Number of protein chains: 2
Amino acid sequence: MNNIPQISDAEWEVMKVLWSKSPSSANEVIEALEDQTDWKPKTIRTLLNRLVQKQAISYSQEGKVYAYFPLVSEDECVRSETASFLKRIYGGAFKPLLVNFLKEEKLSPEEIKELKNILDDKSK
Amino acid sequence: MNNIPQISDAEWEVMKVLWSKSPSSANEVIEALEDQTDWKPKTIRTLLNRLVQKQAISYSQEGKVYAYFPLVSEDECVRSETASFLKRIYGGAFKPLLVNFLKEEKLSPEEIKELKNILDDKSK
DNA sequence: ATTAATTGATTACACATGTAATACAATATT
DNA sequence: AATATTGTATTACATGTGTAATCAATTAAT
């Protein structure tokens, strides 16, 4: 059931809008993306159409316009993308990614503390 | 200088071979990938050519065959891919990825310890 | 009612990618 | 020398993606 479709970079931006607020009309999505991108409205409509075809989203006729909503949850997609990314780059092993990134990422003391708390929980 | 070229999924497999042993002839790469993939030799040669065009690898004429070698390091590429992945999926924030994954990944006690050590170092 | 504006559907087009096959040139074999 | 083999270069072709424009239908305005 939960076959997550391939979602491209540009499509992902559209998904983020719908995950944050749905249902949304095409115009609402277009408006939401106006700041972050300089895509023409037609471009965004194309992306919406492709996402419908991929069954990542769907819509219902609300009055005269379509009201789009996601068919897949952000969580599922993030998990799926992350898994395939890990597989691709790190051969599926999570730890090397962590080590690699912990070493160079700037994390605030609070964040470090939070992460340590999570680790503490896990070791119980 | 360090403009990392876009490396596709299939190309990445070829890069991994060259990172693990270079220089390698086309045939050596083909052989190395025989187990992991069912790509035809011609396919792998295409990938090698594309990587040369992208300036991800280069070659020198060794005797009668080309000896391919990477022009970009694995570390650079991993970092670059990871950064763009993070940007795409997590809006560039590293912590949510960590939190998300720490929660569901199975890590051995040793791994947890190692990660905590890294975190300890960082908080100094 | 005719025209303009809006929204959704269809079409476009270049470049990337997966996945090779064919052409060509140099070398090895008979 | 003619031919077969092998390695490289060029070409192929479908699908995905970025980035829209045009077409068509419906609604709004005059």
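Below, chains carry the letters A, B, ... as their sequence lines are ordered, and counting in each starts from 1. Model, not experiment: these values are computed from the prediction.
What separates CD1 of A:I44 from P of D:dT17 is a distance of 18 Å, to the nearest Å. Note: CD (B:Q61) to C1' (D:dG7) measures 10 Å, nearest angstrom. Atom P of nucleotide D:dG18 and atom CD of A:Q36 are separated by 15 Å, given to the nearest angstrom. The distance from atom CG of A:L33 to atom P of D:dT19 is 13 Å, rounded to the nearest whole Å. Atom-to-atom, CD of A:Q53 to P of C:dT11 comes out at 12 Å; the value is rounded to the nearest Å. The separation between A:R45 atom CZ and D:dA24 atom P is 18 Å, rounded to whole Å. Look at OH on A:Y66: it is 11 Å from P on D:dT26, rounded to the nearest Å. Rounded to an integer number of Å, the gap from CH2 of A:W12 to P of D:dG16 is 18 Å.
Each salt bridge (charged side-chain N to carboxylate O under 4.0 Å, His left out) pair with one or both residues in residues 32-45 of chain B, not counting sequence neighbours, would appear here, but there are none.
Note that the CD1 atom of A:I89 and the OG atom of B:S80 stand 9.0 Å from one another [nearest 0.5 Å].
Clustering of Ile, Leu, Val, Met, Phe, Trp and Tyr side chains at separations under 4.5 Å leaves B:V65 isolated, with no partner residue.
Near DNA chain D, meaning a heavy atom under 4.0 Å from it, residues 15-24 of chain B has no residue at all.
Remark: B:E111 pairs with A:K95, B:L107, B:S108 by the side-chain contact (heavy atoms from CB on, under 4.5 Å) rule, at least two apart or across chains. Listed by chain and number, the residues in a side-chain contact (heavy atoms from CB on, under 4.5 Å) with A:Q6 amount to none (sequence neighbours excluded). With sequence neighbours left out, the side-chain contact (heavy atoms from CB on, under 4.5 Å) criterion links B:E13 to B:K16, B:L33, B:Q36, B:W39. Partners of B:R88 according to the side chain to side chain donor-acceptor pair (under 3.5 Å) rule, which considers only residues two or more places apart in sequence or in another chain, are A:D9, A:E81. Every ring-ring contact (aromatic ring centres under 6.0 Å, His included) that A:Y66 has, sequence neighbours left out, goes to A:Y59. Residues passing the side-chain contact (heavy atoms from CB on, under 4.5 Å) test with A:S22, sequence neighbours excluded: A:F69, A:P70.
Considering only side-chain N and O atoms, A:N27 lies nowhere under 4.0 angstrom from the phosphate OP1 or OP2 of C:dT6. B:Y68 has no side-chain polar atom (N or O) that falls below the 4.0 Å cut-off from OP1 or OP2 of D:dG7. Proximity of A:N49 to the phosphate of C:dA9: a side-chain N or O atom is located under 4.0 Å from OP1 or OP2.
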Would you tabulate the pairs of protein nitrogen or oxygen atoms and nucleotide nitrogen or oxygen atoms of nucleotides 28-30 of chain D closer than 3.5 angstrom?
| residue | atom | partner | partner atom | Å |
| --- | --- | --- | --- | --- |
| D:dA28 | OP1 | A:K64 | NZ | 2.7 |

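The existence of a salt bridge linking A:D120 and A:K116 is excluded, since no basic side-chain nitrogen approaches an acidic carboxylate oxygen closer than 4.0 Å. Here B:E11 does not pair with B:R50 in a salt bridge; the nearest charged N to carboxylate O distance is not below 4.0 Å.
With distances taken from any side-chain atom of A:Y59 to the nucleotides C:dT7, C:dA9, D:dG7, the minimum falls on C:dA9.
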>> Protein within reach of the bases, or only the backbone? For nucleotides 16-24 of chain C, mark each nucleotide 5' to 3' as B, S or -, using heavy atoms under 4.0 Å.
In response: -BBBBBBB-
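Relative to the axis of its first five pairs, the axis of the last five pairs of the helix from C:dA1-D:dT30 to C:dT30-D:dA1 sits at 30°, rounded to 10 degrees.
The side-chain heavy atoms of B:Y68 and B:L48, taken from C-beta on, include a pair separated by under 4.5 Å. In this structure, the side chains of B:T82 and A:F85 come closer than 4.5 Å at one or more pairs of heavy atoms. Counting heavy atoms from C-beta outward, B:E74 and B:M15 have side chains that stay 4.5 Å or more apart.
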